[in-house]
Structure formats: C-alpha cells, structure tokens
2 protein chains.
Amino acid sequence: MRATLLPVSVHIVVFGIRCEGLAVLLLPRAEMWSLPGGGVEDAEDIHGAALRQLAVQTGLRDVYMEQLYTFDHLDADTVQRTVAVTWYALVPSASSFTKTAAGEWFAVEALPALPAEQAGIVHLARQRLAAKLEYSTIALQLMPERFTLGVLQAVHETVLGTALDKRNFRKRVLAWACIEETGEMAREGHHRPARLYRVTRPGSVEIIK
Amino acid sequence: MRATLLPVSVHIVVFGIRCEGLAVLLLPRAEMWSLPGGGVEDAEDIHGAALRQLAVQTGLRDVYMEQLYTFDHLDADTVQRTVAVTWYALVPSASSFTKTAAGEWFAVEALPALPAEQAGIVHLARQRLAAKLEYSTIALQLMPERFTLGVLQAVHETVLGTALDKRNFRKRVLAWACIEETGEMAREGHHRPARLYRVTRPGSVEIIK
DNA sequence: GTTTGTTAGTGTACCTGAAACACTAACAGG
DNA sequence: CCTGTTAGTGTTTCAGGTACACTAACAAAC
C-alpha cells in the first residue's frame with residue numbers, strides 16, 4: 001500500500017520592534033501581504049525549510065525560532081489543501097536585521113488584510129510570546145547586542161500591552177543570570193545616560209523566573 | 001511549478017490511569033509496540049485523521065485530545081521520511097474506555113522499546129500534561145463520570161510524581177466551578193465513605209487555577 | 001459489641017514572593 | 001543656571017501558597 005502524499009508548507013511569524021511597538025514582517029504576494037513561508041521540499045526537514053524560507057525571502061539568519069502549531073485547511077479557498085506548520089521568530093531590534101531586503105514591518109495592532117487564517121496565526125503567536133515573557137527570558141531575543149533596561153522594559157510593555165513598575169521590573173531582570181553590565185553607558189538624549197547591558201549566552205532562553 | 005508532496009502521519013499518546021498509575025496505550029506492530037496513529041489521507045484534515053486512527057485502532061471515541069508538536073525525520077530508519085503530527089489524548093479511568101479492543105496499557109515509567117523518537121514523544125506529552133495540571137482543570141479528563149476527591153488527588157500525584165497535601169489540594173479543587181457534588185457516596189472499602197463528585201461541563205478544560 | 005485499621009473530611013498559622021509607592025542623579029539644551 | 005527628561009534606588013503591604021493534626025465513618029476481626 002502506497003502512502004498518501006500531501007503538500008506541506010511552513011509559515012513564520014517574524015516579530016520585531018519597530019517604532020516603539022511590536023511589529024510583524026510581511027511580504028507582498030498576489031495582491032496581498034502575507035507571512036513568509038512556502039512549501040517544504042523533499043531534501044529538507046520542516047525546521048530546515050522554515051529557516052531556508054526565512055533566509056531566502058527576508059535575508060534573516062540565525063534568528064530565534066520556535067514551532068507554534070500545525071494547521072490544516074490553511075488554503076481552504078484554493079482547491080489544494082495544505083498542511084501548514086507554523087513558527088514564530090524573534091529578531092533583535094535596531095539591528096541590521098530590521099532592515100531586510102524584502103518585506104515590510106507592520107505594527108501588530110494594525111495588520112493589513114491577510115490570507116485565510118494567517119491573522120489567526122499571528123494572534124496565536126502573539127499570545128504565545130506574551131505567555132513566555134512571564135516565565136522566561138525570551139524577550140532578550142528581541143534586544144540588540146547592547147541595550148538599556150529602559151528599552152528592555154519598553155519591549156516587555158509593548159508585547160504585554162500593559163505598563164510595568166520600573167523598580168519591580170529592574171529587580172526581576174537584574175536577578176537573571178543571563179544578562180550582565182557592559183560597563184558602557186548609552187549617551188543619547190538630553191538626560192542621564194543609562195547603563196548598557198548585554199546577554200551572556202546569546203540565543204539561549206532560560207525558563208527560570 | 002508543482003508543489004512537493006510528502007507523507008504526513010499522526011501519532012497519538014493516549015494516557016489513562018491503570019493500576020493506580022499513569023499508563024500509555026500501545027499497539028503491537030512489526031515486532032514492536034508502537035503509538036496509535038498512521039498516515040493522513042486526502043479526504044481528512046490532520047485532526048480528523050488522528051480521531052479516525054484512534055477510533056479504528058483502539059475503539060476510543062469522544063476523548064479529549066490536544067496537538068503536541070510536529071516532528072520530521074520520525075521514520076529516519078526507513079527510507080521514506082515522514083512529517084509526523086503528534087497529539088496526546090486523555091481517557092477517563094475505570095470507564096469502559098480502558099478496556100479497549102486492541103492494544104495494551106503500559107505504565108509510563110516502564111514502557112517497552114518503541115520505534116525511533118516515539119519514546120521522546122511520550123516524554124514530551126507527559127511533560128506537557130504535568131505542566132497543564134498546575135494551571136488548568138485538565139486532570140478531570142482522566143476521571144470517570146463520578147469520582148472522589150481522594151482519587152482525583154491520586155491522579156494528580158501520579159502524573160506529577162509528587163505527594164500533595166490533602167487539605168491544600170481539596171481547597172484548590174473545591175474552588176473550581178466545574179465540579180459539583182452528586183450527593184451520593186462511594187461505599188467501598190472498610191472505611192468511611194467518600195462523597196462523589198462529577199464534572200459540570202464534561203469535555204471542557206478551564207485555564208483557571 | 002468492642003477494638004482495629006483505613007480512608008474521609010476539616011481550619012489556622014506562617015512564610016514567601018508580588019505589588020505599590022517617591023525621591024534623587026545625571027545629562028543636554030536653552 | 002534653570003528646565004526637561006530619563007536613570008537609578010528600598011521598604012512596606014498584601015495575597016496566595018505551604019505546613020501541619022485531629023476527628024468521623026465505615027467494615028472486619030475478635
């Protein structure tokens with residue numbers, strides 16, 4: 001007996017910080033904006049396919065990426081059904097990454113019309129990200145190489161959609177073992193300079209909290 | 001351009017309570033025990049495929065089921081690669097469900113040798129289940145229609161692998177809105193009878209805790 | 001019928017971690 | 001030197017979780 005074969009695709013919700021807000025990277029396609037992604041080939045596994053599509057379509061490499069959920073009937077409006085493995089990725093803010101070759105960043109609160117179910121995928125990804133903020137150090141994946149605690153707090157507030165107490169926030173993140181002072185100061189703006197921190201083990205997300 | 005087609009399969013980790021312990025349902029296959037599951041057909045979506053395989057292979061219907069993760073290279077030992085969408089299901093204990101036509105229950109601590117990566121899938125499913133116990137009412141999906149708080153506590157302890165304080169446990173679960181007294185008593189054993197409870201909305205899992 | 005063994009059922013004190021809260025410091029620009 | 005703006009710092013309060021011991025009800029054995 002021959003196994004049934006199906007088209008399998010990957011779709012990636014790429015999050016970044018733009019203009020002080022959480023943003024999603026979309027590509028122009030078929031008269032509509034759409035999530036990066038595409039079909040999985042024979043020679044690659046689904047994780048590799050997602051990384052490849054990201055690199056080819058957006059130029060992004062070495063970003064943090066996690067699997068989100070696997071949907072079916074994603075392309076219900078087309079004749080062909082597709083098994084869609086979805087992922088979300090986080091790119092550092094203010095880095096060269098945010099100036100990608102193709103695609104455009106949209107504030108997560110103001111997305112354009114998307115193909116079937118993609119809006120739901122973005123929503124789910126955002127929920128997952130917000131949940132992880134509460135019990136992990138995942139927000140550091142959205143940070144540039146050097147960052148101030150003020151910016152880190154702003155990112156948290158942006159993703160969670162709520163204001164946080166400065167002192168309580170600093171207490172919490174300074175207890176994390178995975179960030180450390182650089183010794184340098186951010187000298188910008190007409191105000192007191194802020195200490196610059198960096199991540200000790202980039203790419204690793206600790207579950208501690 | 002023609003889309004690449006791939007074999008897609010579903011695999012289900014079926015949890016139940018047997019002999020006072022957490023157990024997994026396995027099927028005899030190719031000289032090895034194996035998780036229920038199989039290929040996804042054209043006419044069904046992946047969720048439907050998982051339900052169908054469960055029904056056909058084990059006789060289980062109307063069980064609680066959640067998607068776990070999607071793997072690739074699952075059948076790396078075979079020539080053909082497969083995209084494997086994995087799920088976990090919970091069946092009520094002491095119900096007729098636990099006497100399934102085919103398959104056998106194995107204590108989760110003492111599983112036989114399994115095909116490539118399936119042991120890892122079971123482990124992941126168990127982690128997920130344990131995590132959900134802490135912030136949801138999911139354990140009720142493992143309960144028979146009427147149950148005592150003593151048994152509910154035993155199920156929690158079984159899954160978590162730790163002992164729980166009786167008074168604190170009762171305080172917590174009695175605050176759940178989704179269980180209620182039946183008014184009946186469990187008259188079994190040489191000891192004081194216990195009150196029997198039931199779920200108010202079977203099948204629903206509340207995130208409240 | 002009294003004793004024994006076993007599980008059911010109940011309330012309070014303590015402790016830890018989260019939340020609330022206001023002022024001084026350092027810089028640039030006017 | 002005054003103003004505006006962000007950086008940086010401790011303590012008190014509150015709530016939720018944890019620890020903890022006895023009485024109640026039944027069946028079986030004696």
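This is a predicted model, so every value here is computed, not measured. Chain letters run A, B, ... following the sequence lines, proteins first and then strands; every chain starts at 1.
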Q: Applying side chain to side chain donor-acceptor pair (under 3.5 Å), name anything that partners A:Arg52, two or more places apart in sequence or on another chain.
A: A:Glu44
Q. Heavy atom of residues 163-171 of chain B under 4.0 Å from DNA chain C: which residues?
A. B:Lys166, B:Arg167, B:Arg170, B:Lys171
**Q.** For B:Ala55, side chain to side chain contact (heavy atoms under 4.5 Å, CB included) partners two or more places apart
**A.** B:Arg61
(Q) I'd like to check the side chain to side chain contact (heavy atoms under 4.5 Å, CB included) partners of A:Ala23; sequence neighbours left out, ordered by chain and number. (A) A:Arg18, A:Trp105
**Q.** Spacing of A:Leu54 atom CG and A:Leu51 atom CG [to the nearest 0.5 Å]
**A.** 7.0 Å
Q. Pairs in or reaching into residues 179-209 of chain A: which pass ring pair (Phe, Tyr, Trp, His ring centres under 6.0 Å), with residues at least two apart or in two chains?
A. none
Q.
Could you tell me the boundaries of the chain A footprint on DNA chain C, defined by atoms under 4.0 Å from its heavy atoms?
A. C:dA19 to C:dG29
Q. Excluding sequence neighbours, so at least two apart, what forms side chain to side chain donor-acceptor pair (under 3.5 Å) with B:Asn168?
A. B:Asp165, B:Lys171
For residues 131-142 of chain B, tabulate all N or O donor-acceptor pairs below 3.5 Å that involve a side-chain atom, not counting sequence neighbours.
{"unit_1": "B:Lys132", "atom_1": "NZ", "unit_2": "B:Glu66", "atom_2": "OE1", "d": "3.3"}
{"unit_1": "B:Lys132", "atom_1": "NZ", "unit_2": "B:Glu66", "atom_2": "OE2", "d": "2.9"}
{"unit_1": "B:Ser136", "atom_1": "OG", "unit_2": "B:Lys132", "atom_2": "O", "d": "2.7"}
{"unit_1": "B:Ser136", "atom_1": "OG", "unit_2": "B:Ile138", "atom_2": "N", "d": "3.2"}
{"unit_1": "B:Thr137", "atom_1": "OG1", "unit_2": "B:Glu206", "atom_2": "N", "d": "3.0"}

Q: Taking side chain to side chain contact (heavy atoms under 4.5 Å, CB included) as the test, write out the residues that go with A:Lys166, two or more places apart.
A: A:Gln153, A:Arg170
Q. Starting at the 5' end of DNA chain C and moving along, which residue's nearest nucleotide shows up first, B:Gly150 or A:Arg187?
A. B:Gly150
Taking only N/O atoms, report every protein-nucleotides 28-30 of chain D pair under 3.5 Å with atom names and distance.
none

Q. Among all residues two or more places apart in sequence or in another chain, which pass the side chain to side chain donor-acceptor pair (under 3.5 Å) test with B:Glu145?
A. none
Q: If a pair satisfies ring pair (Phe, Tyr, Trp, His ring centres under 6.0 Å) and one of its residues is in residues 164-188 of chain A, list it, with sequence neighbours excluded.
A: A:His156-A:Phe169
